[in-house]
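Below is one structure, written out as structure tokens; comments come after it.
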Amino acid sequence: MVIVKPETFVYWQRKCFKKYWRKISDKNRKPGRKLIKKEIRDLIYQMAEENIWEAPRIYSELLMFGLNDVSEMTVSGC
């Protein structure tokens, strides 16, 4: 029979708990932002350089082109 301090036992339980939930939450998730196509990224850079537009304007122009899979946050992050 091994006797341990209560703090040690609580530490082991917390460690196992963290490991379990990390495994569960990371199962189907990939880290980072969803990638956009290179052509769309180049178009965003070109629009920003030539017209001195900011993210809301570029985003609305992309919507007019029919590119609905890009968000305004993605445009501002480029």
Side-chain angles (χ1 to χ4, degrees):
M1 180 172 171
V2 177
I3 299 176
V4 296
K5 293 184 200 176
E7 296 86 24
T8 305
F9 182 74
V10 170
Y11 171 76
W12 290 341
Q13 290 292 61
R14 286 182 180 167
K15 188 175 176 181
C16 288
F17 186 76
K18 283 182 184 180
K19 185 177 180 181
Y20 171 76
W21 283 108
R22 186 178 304 125
K23 182 179 177 183
I24 294 292
S25 65
D26 289 343
K27 200 175 249 184
N28 295 324
R29 186 171 39 143
K30 295 179 181 175
R33 191 183 320 194
K34 181 181 173 185
L35 297 178
I36 60 174
K37 295 179 182 175
K38 184 179 182 329
E39 295 85 18
I40 296 174
R41 191 172 54 237
D42 291 341
L43 179 62
I44 292 170
Y45 288 137
Q46 181 181 358
M47 292 169 85
E49 288 175 6
E50 291 179 1
N51 301 308
I52 312 172
W53 290 342
E54 294 186 8
R57 177 67 189 265
I58 294 172
Y59 173 68
S60 64
E61 293 291 326
L62 291 174
L63 288 178
M64 285 193 262
F65 288 144
L67 300 172
N68 298 330
D69 56 343
V70 179
S71 70
E72 186 174 340
M73 290 299 292
T74 303
V75 171
S76 65
C78 282

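This is a predicted model, so every value here is computed, not measured. Keep in mind that the numbers below use all heavy atoms, side chains included, and drop hydrogens, waters and symmetry copies.
Contact record, I40 with I36: CG2-CD1, 4.4 Å, taken as the closest heavy-atom pair.
Rounding to the nearest 0.5 angstrom, the gap separating the OG atom in S76 from the OH atom in Y59 is 11.5 Å. For the atom pair CG of L67 and NZ of K37, the computed distance is 9.0 Å after rounding to the nearest 0.5 Å. Separating the CD atom in E72 from the CG atom in L63 is a distance of 9.0 Å, to the nearest 0.5 Å. Rounding to the nearest 0.5 Å gives a distance of 7.5 Å between OG1 of T74 and CD1 of I44. Atom CG of D42 and atom OH of Y45 lie 8.5 Å apart (nearest 0.5 Å). Distance check, rounded to the nearest 0.5 Å: SG of C16 to CH2 of W21 gives 14.5 Å.
For the side-chain contact (heavy atoms from CB on, under 4.5 Å) test, residues two or more places apart in sequence or in another chain that qualify with K5 are E7, T8.
Taking hydrophobic clusters as Ile, Leu, Val, Met, Phe, Trp and Tyr residues chained together by side-chain heavy-atom distances below 4.5 Å, V4 shares a cluster with Y11. Transitive grouping of hydrophobic side chains (ILVMFWY, heavy atoms separated by less than 4.5 Å) brings F65 and V70 into a common cluster.
Looking at K18 and K15, their side chains never come closer than 4.5 Å, going by heavy atoms from C-beta outward. Counting heavy atoms from C-beta outward, L43 and I58 have side chains that stay 4.5 Å or more apart.
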Distance-only criterion, 3.5 Å: show the donor-acceptor pairs between side-chain atoms of residues 47-55 and protein atoms not counting sequence neighbours.
unit_1	atom_1	unit_2	atom_2	d
E50	OE2	Q46	NE2	3.2
N51	ND2	M47	O	3.4

